[in-house]
Structures are given as structure tokens and as C-alpha cells.
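Here's the structure we're looking at; comments come further down.
Numbering starts at 1 and runs along the sequence shown. Side chains are part of it too, since the values below use all heavy atoms of this structure and drop only hydrogens, waters and symmetry mates.
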Amino acid sequence: MPVSDLANPHRFLRFARWGVPLFALLAVALIALGLTLGFLAPPERDQGESVKIIFLHVPSAWLSMGIFAFMAIAALGTLVWRHPLADVAQKAAAPIGAAFCVVCLVSGALWGRPAWGTYWQWDGRLTSVLVLLLIYLGIIALWRAFEEPGLAARAVSVLTLAGSINLPIIKFSVDWWSTLHQPASVLRFGGPTIHPAFLTPLLVSALGFAFLFGALLMAAMRNEILRRRVRTLRILAASGAQ
């Protein structure tokens, strides 16, 4: 089925009926495989066993940024192309992205204590990721501030596009400000510098987390579509009763 066909909410609901369990199963299998391979990997030379938190921390960091990029594309779909599911996708993705951002910050703090001797520092990368979490929370709050979904979608789209400026700041913060956080070791020009014993399970785990996001997103979009249908029926019922 072409992806464009999913623009129809009816087709999307039919797809989500089997897509959610399929993506969830793939997520469980890949995350379990990635974590198992990761914990079987040898201890890292300098950081020992503590480095293995990367199999949770790094996929969460990638997803917290990737989901926001997805929301920015959906915002364009709302404002420019008026895609019928774009604002539904935006609204469904925001809490998931915020959750991955929290996991990234908490796991990073737990890793930072043995690696750097501190849970937190106002380092460029850490601060810009905290700003990303605040933008996520602002978007979630803005959705709740409007009763009418169309008006909320336009306001949130503008905020999302403005907030996307933070994404390149996060990515290049380790190059612009050489402070506490180490430089990129996987997504970088010249290829990864991380040892294959860690790189393979990391990529498997990241793929599993991506499928987890897909399952959560489809489930949340399905709930939002049904919620809006109930809202429409209530409005029609109230209009008919007058």
C-alpha cells in the first residue's frame, strides 16, 4: 500500500489494526537482541561496564531528535499541504518524543556520574537537549490550551517549526562548544569511531526503539482519530437537540 493512501483516516485505521502489533513485536525482538548483544560485549577500556548504558541512552537521544524532526515535517503538512492526518501525527508524537527526551537526560546523568564525576553540567549538548524537552512540554501544553483542533494545530505547527532551530544546535553543539560532552562517535563525517563490538548492538537496539516509536505513534494516532470522531458526534447531537 502506498504511504500516500494512509492519508485517508479510514485506511490508516485499517493499517494500524495490524501495524501496531506487528511493530510492537519487532520492537520487543530487536530491543531484546540489541540489549543481549550489548551486555555480552566486553567492558570498555576506560569506562568499564558503565558504558553499556549507551544501548538505552543513545537510541533515546536519537529518537528525541528524530521525533521532533518528524513533527516539523508534519507541521509543514498541516500548514502547507493540509494533510488530513498531519496534525493528528503531530499531537500523537509530542508526548512520545518528550518521554524519550526524559529517558535520554536521566540515562545521560546516570552515565555522567561514573564517566565525568557529575550528574549534570551546563554543557552545550546537555543544555540544548534540556531546551528540547522544554519545547516538547510547551507544545503539549499548547495543544491543551485550545478547544478547537484546527486552531490548535496551526498554533502548534508554528511553535514546532520555530523549535526545530534547536535540532542543529544539539547536533553540532559538541563541535561548537568543546566542554564536557564527548564528540559524536557514530553519526559523523568519516564514519563511526565506536568499536564494532558496541556499534552492532547499538544499531540493533536503535532499530528496535524506532519500531517501538512506530507502534506507539500509530496507537496514539488511532486514539486521537477516534476521540475526534466522538467529539464531532457530540457536537452534531447537541446541534440536533436544539
Practice item. Give the minimum heavy-atom separation between Ser205 and Leu35, together with the two atoms involved. Key: OG-CD2, 4.3 Å
Check your understanding: Under 4.5 Å between side-chain heavy atoms, hopping through other hydrophobics if needed: is there a path connecting Phe12 to Leu216?
Key -> yes
**Study point:** Tyr136-Leu134 co-clustered via ILVMFWY side chain contacts under 4.5 Å
**Key:** no
Exercise for review: Examine distances only and state if a side-chain atom of Ser107 and a backbone atom of Cys104 form a donor-acceptor pair shorter than 3.5 Å.
Suggested key: yes
Review point. Run the side chain to side chain contact (heavy atoms under 4.5 Å, CB included) check on Leu217 and Phe70 step by step: do they pass?
Key: CA-CA 11 Å; Leu217 177 69; Phe70 169 81; 3.7 Å; yes
Review point. Any side-chain heavy atom of Pro59 within less than 4.5 Å of one from Leu202?
Key: yes
Review point. Near Glu148 CD, under 6.0 Å, is it more than 12 heavy atoms from other residues, nucleotides or ligands?
Key: yes
Review point. Roughly how far, to the nearest 0.5 Å, is CZ of Arg144 from NZ of Lys91?
Key: 8.5 Å
Review point. Is there side-chain contact between Ile169 and Asn166, with at least one heavy-atom pair below 4.5 Å?
Key: yes
Check your understanding: Can you tell me how far OG1 of Thr232 sits from CZ of Arg227, rounded to the nearest 0.5 angstrom?
Key -> 9.5 Å
Point to revise | Leu161 versus Ala72, closest heavy-atom pair with distance | key: CD2-O, 3.6 Å
Revision key, fill the gap. Closest heavy-atom pair, Ile67 versus Ala93, reported as atoms and distance to 0.1 Å, is CG2-O, 3.7 Å
Practice item. Check whether any side-chain heavy atom of Asp87 sits under 4.5 Å from a side-chain heavy atom of Ser157, and report yes or no. Key: no
Check your understanding: So, do Trp143 and Phe146 have ring centers that fall under 6.0 Å from each other?
Key -> no
Check your understanding: Linking I/L/V/M/F/W/Y whenever any side-chain heavy atoms sit under 4.5 Å apart, do Ile96 and Met221 land together?
Key -> yes
Exercise for review: Evaluate the side chain to side chain contact (heavy atoms under 4.5 Å, CB included) criterion for residues Trp116 and Asp123: first the C-alpha distance (whole Å), next the side-chain angles of each, then the deciding distance (0.1 Å), finally the verdict.
Suggested key: CA-CA 12 Å; Trp116 302 327; Asp123 158 275; over 6 Å; no
Exercise for review: Could you walk me through whether Thr160 and Phe68 pass side chain to side chain contact (heavy atoms under 4.5 Å, CB included), step by step?
Suggested key: CA-CA 8 Å; Thr160 302; Phe68 202 92; 4.1 Å; yes
Practice item. Check step by step if side chain to side chain contact (heavy atoms under 4.5 Å, CB included) holds for Ile170 and Arg125. Key: CA-CA 6 Å; Ile170 296 174; Arg125 170 62 63 85; 3.9 Å; yes
Review point. Of all heavy-atom pairs between Gln90 and Met71, which one has the smallest distance, and what is that distance?
Key: CG-O, 3.8 Å
Check your understanding: Atom CG in Leu130, atom CD1 in Ile135: separation rounded to 0.5 Å?
Key -> 10.0 Å
Practice item. Kindly indicate whether the side chain of Arg228, heavy atoms from C-beta on, has any atom under 4.5 Å from the side chain of Pro9. Key: no
Review point. Any side-chain heavy atom of Trp120 within less than 4.5 Å of one from Leu105?
Key: yes
Exercise for review: Run through Val20, Leu26, Leu25 and flag the one making a side-chain contact (heavy atoms from CB on, under 4.5 Å) with Leu22.
Suggested key: Leu26
Review point. So, do Leu63 and Leu212 sit near enough that their side-chain heavy atoms are less than 4.5 Å apart?
Key: no
Practice item. Please examine the side chains of Leu56 and Phe209, heavy atoms only from C-beta on, and report whether any two atoms are closer than 4.5 Å. Key: yes
Study note, to complete from the structure: In this structure, CG of Leu13 is separated from CD1 of Ile225 (nearest 0.5 Å) by 4.5 Å
Review point. If you round to the nearest 0.5 Å, how far is CZ of Phe23 from CZ of Phe213?
Key: 10.5 Å
Check your understanding: Do the rings of Phe198 and Phe55 sit parallel, tilted or perpendicular, given the 30° and 60° boundaries?
Key -> parallel
Point to revise | Shortest non-hydrogen contact between Ala27 and Gly208, atoms and distance | key: CB-O, 3.4 Å
Exercise for review: Kindly work out whether a path of hydrophobic side-chain contacts (I/L/V/M/F/W/Y, heavy atoms less than 4.5 Å apart) joins Trp18 to Leu85.
Suggested key: yes
**Study point:** Heavy-atom closest contact (Ala24 atom, Ala215 atom, distance)
**Key:** N-CB, 3.8 Å
**Study point:** Same cluster (ILVMFWY, side-chain, under 4.5 Å), Val156 and Leu167
**Key:** yes
